[in-house]
J.: 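First, the structure itself, so that you have it in front of you.
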Amino acid sequence: MTYEMIREIFNLCSNNQMRDVFVRQIETDDTDAVARSFCTGKDFTLEKEVKDDGTVIYDLTVDGLRQRLSFTPD
């Protein structure tokens, strides 16, 4: 299945609302595996949410760095 994947990396500095955003098309049958591939640190958490429209959202914290991956079906 083809998805638009949006990866947001949140800035940890106080009073700075900016974030890095990367958008790309990917083809996968396992969004869980793709999300886990971003969990390369020693300490990480991963939370998954599936929306009614089929969008899958993962909130990751990897060694203190917050990220969000959103997979929207094409």
Side-chain angles (χ1 to χ4, degrees):
M1 181 169 222
T2 303
Y3 293 92
E4 176 184 72
M5 185 185 86
I6 300 173
R7 179 183 182 203
E8 300 172 82
I9 303 172
F10 296 91
N11 191 319
L12 299 177
C13 298
S14 60
N15 297 323
N16 188 342
Q17 300 294 322
M18 297 299 292
R19 64 181 80 169
D20 292 325
V21 179
F22 304 94
V23 180
R24 69 181 196 180
Q25 296 283 353
I26 67 164
E27 189 163 325
T28 184
D29 292 324
D30 189 358
T31 58
D32 289 346
V34 175
R36 282 191 305 274
S37 73
F38 288 94
C39 299
T40 58
K42 292 180 181 179
D43 182 32
F44 66 88
T45 61
L46 184 144
E47 296 177 17
K48 177 181 177 179
E49 178 183 1
V50 179
K51 300 285 190 173
D52 291 338
D53 66 355
T55 299
V56 183
I57 299 173
Y58 296 89
D59 285 308
L60 313 171
T61 303
V62 180
D63 291 337
L65 182 64
R66 285 188 53 228
Q67 302 179 62
R68 176 171 291 143
L69 303 174
S70 301
F71 295 86
T72 304
D74 272 348

J.: Measure across Cys39 and Leu46 and return the closest heavy-atom pair with its distance rounded to 0.1 Å.
T.: SG-CD1, 3.8 Å
J.: Going by salt bridge (charged side-chain N to carboxylate O under 4.0 Å, His left out), name the pairs with one or both residues in residues 44-56, residues two or more places apart or in two chains.
T.: Asp32-Lys48, Glu49-Lys51
J.: Considering all heavy atoms of both residues, which atom of Gln25 and which atom of Asp74 are nearest to each other, and what is their separation?
T.: OE1-OD2, 2.6 Å
J.: Apply the hydrophobic cluster definition, ILVMFWY joined by side-chain contacts under 4.5 Å directly or through others, and give me every member besides Val21.
T.: Ile6, Val23
J.: Could you see if Val62 belongs to whatever hydrophobic cluster contains Leu69? Use Ile, Leu, Val, Met, Phe, Trp, Tyr and a side-chain cutoff under 4.5 Å.
T.: yes
J.: Checking Asp63 side chain against Asp43 main chain: does a donor-acceptor pair fall under 3.5 Å?
T.: yes
J.: Rounded at 0.5 Å granularity, tell me how far CD in Gln67 sits from OG1 in Thr61.
T.: 8.5 Å
J.: Under a 4.5 Å cut-off applied to non-hydrogen side-chain atoms, are Leu60 and Arg7 in contact?
T.: no
J.: I need the full list of ring-ring contact (aromatic ring centres under 6.0 Å, His included) pairs touching residues 22-64, with sequence neighbours left out, sorted by first then second residue.
T.: Tyr58-Phe71
